[in-house]
Amino acid sequence: MNYLEKQLEICERRIKRVRENPEASGYASSALLYELERDLALAQMQAFREGRPIAACFYTSALPKAMGFEFVNTMMTADRCRWPAACLDAIREQGYPDDACDRTIVSVGMGLRNDIPRFSMILGSNFACDAEWVAFNALAYHTNVPVFQVDIPFDRNEDTLRYVTEQIREFIAFAEREVPGVHYDEAKLIELQELDRQALGYLHDMYELRKRVPCPIRGADAFRLPYFPSAFPDPHKGLEYYRLWRDEMAERAAKGGGAVADEKLRILWNVSGPYHTDCFTMLEKKGVAVPFFNYGIASRIFGALFGVYGDEKEYGRRLSPLEEEARLWLGNTWCGRGERWIESTLTVCRDLKLDAIVNFLQSGCTTTLGLAKVLADRAEAELGIPTLHLEGRQMDTIAIDTSQFNQKLEDFVDVLLLAKAG
Amino acid sequence: MEDRLRRLVEAYSPQNRARWLAEWKGQGGKVVGSLCSYVPEEVIEAAGMLSWRIPGVWQESIPRAKAYYPQDSCSFAMRVVELMLSGDLDALDFVVATDWSDDTRRLHDIWLNLGKAPAELLHVPHVDSELGYQAFAQEIARLADRLGEVAGVKITAEALRQSIATHNEMREMLGRLYELRKRPIPPVTGAEVVGITTAAMVMPKRAFTAELAVLLPYLAERKPPLPAGGPRLMVSSDKLDDPRYVELIEQLGCVVAMDDLDTGSRYFWQAVDTSSADPIYALAKRYVSRPACPRMYAWDRQVAQVVAWVKEFAIDGVVELPVMHSRPREGRVAFFRESLRKAGVPIMSFRREYHLANVGQLKTRIGAFVETLQK
């Protein structure tokens, strides 16, 4: 429960800060976002106290909510953990390597330490990578809860869509059997998918806005990854946040100014970020905008490559609600051939007219590390843009020297600026 | 016969393994490099090509690979990339990879980027289920089409059945070899067994099976090369293809009487069902349901298999050697350890490099474990 109690405290503090000074925080709509996160933490806490079913899941929220689960995304929860060092100590004691992907091993550490409520069950998959499904298995073992893992292949066609959809049906049957009180409600799923679809429409609008020069968003804001509306206790309020966020961004873009004074460079941030350090202030001071943070599912949910709910072009037909879930689960560019990830990165660079890529070499990110050179070579050959490979950790502040990290980034930017100045 | 045995044991060694590839090419044949034990070799042979397992370099220094991977990456994958970049694989006509792990999946992408022979990436289901068999059957059918194009033939069901029969025969021979390991003092060392099973991965199957068929009667009568009285161990790892690892363990006063290796037992255990009307489905079912690697979701079944082997081969203890930064097994470490302990099986786990390294540390740690097992 430590995490939820801390999350409540942080959200309340942020709500107060944003309401007192909306401009300083970037977006006035952020207050609503923190309210939503607070509401989510409260709902999770309440579900635990009342003994209601709680599902730990990977990316999906509409399906577990449509089954009557309260929803916890363990990876996004780990992202928000304020004591990663203690979680890493916990996993080391069990003999796990501490150089695997931070968010996955911190999620296991949180489970070992009872920082999060004990789930009723876990829904896992290889949606993004090995580290995730392995973490789900480990979490299930250490917390002694049933786990259902979905196998996600990497081609997108009718056969694979059917394969994943059938597994979703198996999951539903499994959950209804193992967890008292849960039942799949298709009408509810359709309702939640529609709200998520609209939110993704707003994300697509924001992607279009980011194409503007200068860019209307700040670098740190590129890392804003809210839950889908279906995750929140009041999904309509969740959708409202997305609309307000889009409107604020559009208003800024309409005024013609950028979030960065005197924008000189636009860079893509790839893979993950150093949550423990602020390198974006330095970038802004140098006139560097970061219009996009690209990760596995980003190009899909922002509409750069294919749509999600409701799109009929991808399969040439309308999909059923469970097929829509399967489409989302098949949509992570980190799963499968490297071409998917590379193509998504290059597409975003073209769309947003980016000058360079910062490829964050997150320790243990097995799905992207082996592609780093391939990606850089392709970016150079096809777009003429350079890539900085920057070794880092999301949360472990001991393994990586922050000042060296920031210095490498700064040196890269300085070289780019010199080159641009001619 | 000892010389003949030694030649077979050393068939996969760095100085010898390329010979099989060169001989096959010299006869006008084509060779398909395989990166994983989940690649259905039967399909390759049914296309008239040689299936040849791609190793990593057995060395510490990997200067070329470091351009592709940071240091804390899978030790096996980095060394395969080093070999890819050395040019030693340029004779291959095609490469088949799987998503055994994210790192091995990326080997496919790196290979393609080098612009050498074409390649295919198979998705191996993580679930052992009817849905999984059907999904893998589709993958195998796709591979068959691709390999047929490379070979310039259409792979018929009959060709597949014949290839399955050949591979089942190989499996049966290896099964007989492993039966010898059940003796109180086996007539073959664990190191020799690794040499023999890896030989199967680079030699033409019929030639390998014929050679083993000649050696088995000799082995059945052979004087045990290891002294009596030491504990019987099982080695559990992945991508362990250097017999010197097992030799190092056996020099500590024990015998490695069984293994849980994708280069050993998991490679051949469980035949393909020849009664099935659909050979592709039969292949899919065999490969997905065979004793599983840690990359499969059901860790409890993997433990159950190991416990069954412990009993079947009268094993005193398990030495687990996870390859450094190979995440599926690393993530399973706590589960595996505690589950085996609950089953009453002593176990130790020590992360290793893919190539033989850190010999002093290995000897110390494993030696201490062996001492605890000594009766």
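Order of the sequence lines fixes the chain letters, A, B, ..., with proteins taken first and strands second; residue numbering starts at 1 for each chain.
A:T104 contributes no side-chain N or O that, together with a main-chain N or O of A:E132, makes up a donor-acceptor pair within less than 3.5 Å.
For A:V108, no part lies near chain B; criterion is any non-hydrogen pair under 4.5 Å. There is no contact between B:R329 and chain A, counting heavy-atom distances below 4.5 Å. Contacts of B:Q71 with chain A are absent, with no heavy-atom separation under 4.5 Å from either backbone or side chain. Contacts between B:R327 and chain A at a heavy-atom distance below 4.5 Å involve backbone atoms as well as side-chain atoms. Only the backbone of A:I152 comes within contact range of chain B, with at least one heavy atom under 4.5 Å from a heavy atom of that chain. Only the side chain of B:H108 comes within less than 4.5 Å of a heavy atom in chain A; its backbone stays farther off. With a 4.5 Å cut-off on non-hydrogen atoms, A:Q94 touches chain B through its backbone and its side chain both. Using a 4.5 Å cut-off between heavy atoms, B:E130 makes no contact with chain A at all. When heavy atoms are compared at a cutoff of 4.5 Å, A:H142 approaches chain B solely by way of its side chain, counted from C-beta outward. Only the backbone of A:C335 comes within contact range of chain B, with at least one heavy atom under 4.5 Å from a heavy atom of that chain. Contact of B:S101 with chain A is made through backbone and side chain together, with heavy-atom distances under 4.5 Å. When heavy atoms are compared at a cutoff of 4.5 Å, B:Q138 approaches chain A solely by way of its side chain, counted from C-beta outward. Of the atoms belonging to B:P322, not a single heavy atom falls under 4.5 Å from chain A.
Note on B:V333, B:I110, B:L121: by heavy-atom pairs under 4.5 Å with chain A, the leading option is B:L121. For the set B:H325, B:E338, B:H126, B:M324, the count of heavy-atom pairs under 4.5 angstrom toward chain A peaks at B:H126.
Taking the six-membered ring for Trp and thresholds of 30 and 60 degrees, A:F127 and A:Y59 have nearly parallel ring planes, at less than 30 degrees apart.
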Show me the side-chain donor-acceptor pairs of residues 169-178 of chain A shorter than 3.5 Å, one per line, residues at least two apart or across chains.
residue, atom, partner, partner atom, Å
A:R169, NH1, A:E166, OE2, 2.6
A:E176, OE2, A:H183, ND1, 3.3
A:E176, OE2, A:Y184, N, 2.8

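Across every non-hydrogen atom of A:C101 and A:A131, the tightest pair is CB-CB, 4.3 Å. Of all heavy-atom pairs spanning B:C293 and B:W100, the tightest one is SG-NE1, 3.3 Å.
Ion pairing between a basic and an acidic side chain is recognised when a charged N comes within 4.0 Å of a carboxylate O; A:R393 and A:D99 show no such pairing.
No side-chain donor-acceptor contact under 3.5 Å links A:R378 and A:T345.
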